[in-house]
Amino acid sequence: MSGRGRIRVLNVAEKPSVAKSVAEILSRSGGGMRSRQGRSRFNRIFEFEYCIGGQPCHMLMTSVTGHLMELEFDDRFRKWHSCDPADLYHAPVRKHVPQDKLDIKRTLEEEARMCQWLVLWLDCDREGENIAFEVVEVCMAVNGHLNIWRARFSALIDREIHGSVQNLVRPNRLFADAVDARQEIDLRIGASFTRFQTMLLRDAFVLDFVRDNENVVLSYGPCQVVDVKNKEKLKYPPYPLSTLELQKRASRYFRMSSEHTMKVAEELYQAGFISYPRTETDGFSVNTDLQAIVREHFTHPAWGSYAQRLLDPDERLWRNPSNGGHDDKAHPPIHPTKLSTGEAGWTEDHKRLYEFVVRHFLACVSQPAVGAGTTVEIDIAGEKFFASGLVIIAKNYLDVYRFESWDGAVIPTYALEQQFLPTTLTLDSGVTRPPPLLSESDLLSCMDKAGIGTDATMHDHIKKLLDRHYATKDANTRFSPTKLGEALVMGYDDMGYELWKPYLRAMMECDMKEVSVGSKSKSEVLDSCLQQMKACFMDARQKKVKLLEAMELFFERSGRTGDAQSLGATVRPCSICNESNMLLKRRPNGEFMVGCQRFPLVSSTLCVFFNAY
DNA sequence: GCAAGGTC
């Protein structure tokens, strides 16, 4: 029970793991935390005592799992044949909590009723701010007296978390508005084009890839171009040391054979410097006095100062070691048992292995390293180059564990407009040739560079491509567009889509930015954007013959609508095999390719394929 | 039956 004078504070994070980490950090200095099950199996509730600005608080910390709400059309417009797809540009929409999120909603309602404050611990980006307001809406509906606060933090490290809760701010409605507008535009465009092209093409052609009774949907949707932001990344220290890890790491770091490693380790053990070296255990028992082991190393010339920092509460460097999950019930993980600065008779390998065991132990009880992923775009004589890398914010355990570095190049922080000299410039010559098919990893990095989707949604977009039969993946995970994929790109390409589509999208991104800083209102942007989007839709629909023509080159007519010739399609014979279904294609990236059914086209880049959507 | 984003 909370004591007299305490206020109850409901804290909500974007995901369960963040709720747990924040609760652990905030409760460490007090009496620890308890946890209990909420209505949702995955979103536990943590409770602990904490003081905010001198005010004693009973803290309840729980989480959502990303967005709590989805946007949908009113019932009257939900059925595909209930309206003209063009009506979807002004049909009423509403936000609602989908079925699978109702248990989280109920947890929030139950807890919010009994609280005075609500603190939002969502990610500090536009989507996070939008989710914050979804949580606010649910909580305020049951308790209108809630005092609403926003915790702003950029890393799950003690200093940041304590700092943010002592400096709470108000949530930013404008950021959330920008996302609202984005959602509404995406829904209206996506639904209208999807319904239109599905209903137009599904019945007119024999779609040979369709299995019996499968309900084909030819979906259409843009991807968000995301904010350029630095994403926090954590690199965790290793688990406590088992024999197997000792051997693997000694081999990797010192090129020592496992047999020799065990001989040296055995000698260090016999002389009392390390614990028994034959163990499968990679987690410490709760009874182990880890701090005493650290304390013994305070005076070591090389790592003594790190050991001291570990036990200094102000450094916030300590972390209870994680557990690798193996336990032989006989021996603890390998750890140092006596301080040594080197003994007479030790070989280089004795020194190396002892140092390794100590540093590994100190790393296990340290905080993970914190970094920020960064992408830098460089302009050289009008050509764009990209560099991506990592800026390390806090090295933490890497300070002592010198055997490991953070993968990938570390690039310094660049300021905008900063100039620098390239060290080498090369210009490779080459001839035009069909590029190789893209692998899944190529595709992902391609999407990443082009800003298509986000880290979290890229695999979703790829899956959707496959589900919709727009592309196939072979045994080597190489992607090829299908006939349907090629036809759709070509159809829209022939409408002149590539001319106005990217322009509109870019304009929309600018509008989102303006909403988020308050220089334009959400409704103003929605009105103008949707009006133009609707004009595009009407234009595309009016040019639907282009889509039909393109489809005709790949698929047989079902006979349920008129044929392509009568609609004005141009079909030229193939210059290679003389087949009449020859096809001259201008690809979205501007190159020309020739092909027919017997000489299928080699895919250019699927990225371009994406862009055309 | 449709979009995007978040996350499990």
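A note on names: the letters A, B, ... follow the listed sequences, proteins ahead of strands, and every chain is numbered from 1.
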Residues that [X] engages under salt bridge (charged side-chain N to carboxylate O under 4.0 Å, His left out), provided they are two or more places apart:
X	result
A:Lys546	none
A:Glu137	none
A:Arg106	none

Atom [atom1] of [X] to atom [atom2] of [N]: distance rounded to whole Å?
X	N	atom1	atom2	result
A:Phe77	B:dA3	CZ	P	19 Å
A:Lys105	B:dT7	NZ	P	22 Å
A:Gln197	B:dG1	CD	P	18 Å
A:Arg188	B:dA4	CZ	P	16 Å
A:Leu526	B:dA3	CG	C1'	14 Å
A:Glu70	B:dG5	CD	P	13 Å
A:Gln183	B:dC2	CD	P	17 Å
A:Glu127	B:dA3	CD	C1'	13 Å

Would you classify [X] as touching base, sugar-phosphate or nothing, given that sugar-phosphate means primed atoms plus P, OP1 and OP2, and contacts are heavy atoms under 4.0 Å?
X	result
A:Leu71	base
A:Asp123	sugar-phosphate
A:Val216	base

- Residues in side chain to side chain contact (heavy atoms under 4.5 Å, CB included) contact with A:Ala535, at least two apart in sequence or another chain: none
- Query: Taking only residues two or more places apart in sequence, or in another chain, which ones meet A:Asp100 in a side chain to side chain contact (heavy atoms under 4.5 Å, CB included)?
  - Reply: A:Pro98
- Are A:Arg202 and B:dC2 close enough that a side-chain N or O sits under 4.0 Å from OP1 or OP2? no
- Think A:Arg468 has a side-chain N or O under 4.0 angstrom from the OP1 or OP2 of B:dC2? yes
Which nucleotide in the set [options] lies at the smallest distance from any side-chain heavy atom of [X]?
X	options	result
A:Thr194	B:dC2, B:dG5, B:dA4	B:dC2
A:Thr198	B:dG5, B:dA3, B:dG1	B:dG1
A:Asp186	B:dG5, B:dA3, B:dC2	B:dA3

- Query: For the side chain of A:Thr65 and the base of B:dC8, is some donor closer than 3.5 Å to an acceptor across the two?
  - Reply: yes
- Query: Has A:Arg8 got its NZ or CZ under 6.0 Å from the middle of the six-membered ring of A:Trp117, at an angle within 45 degrees of the ring axis?
  - Reply: no
- Item | Residues A:Glu72, A:His96; criterion side chain to side chain contact (heavy atoms under 4.5 Å, CB included); working and verdict | CA-CA 8 Å; A:Glu72 65 173 14; A:His96 82 299; 3.3 Å; yes
- Expected list for residues 13-20 of chain A near DNA chain B, using heavy atoms below 4.0 Å, is A:Glu14, A:Lys15, A:Pro16
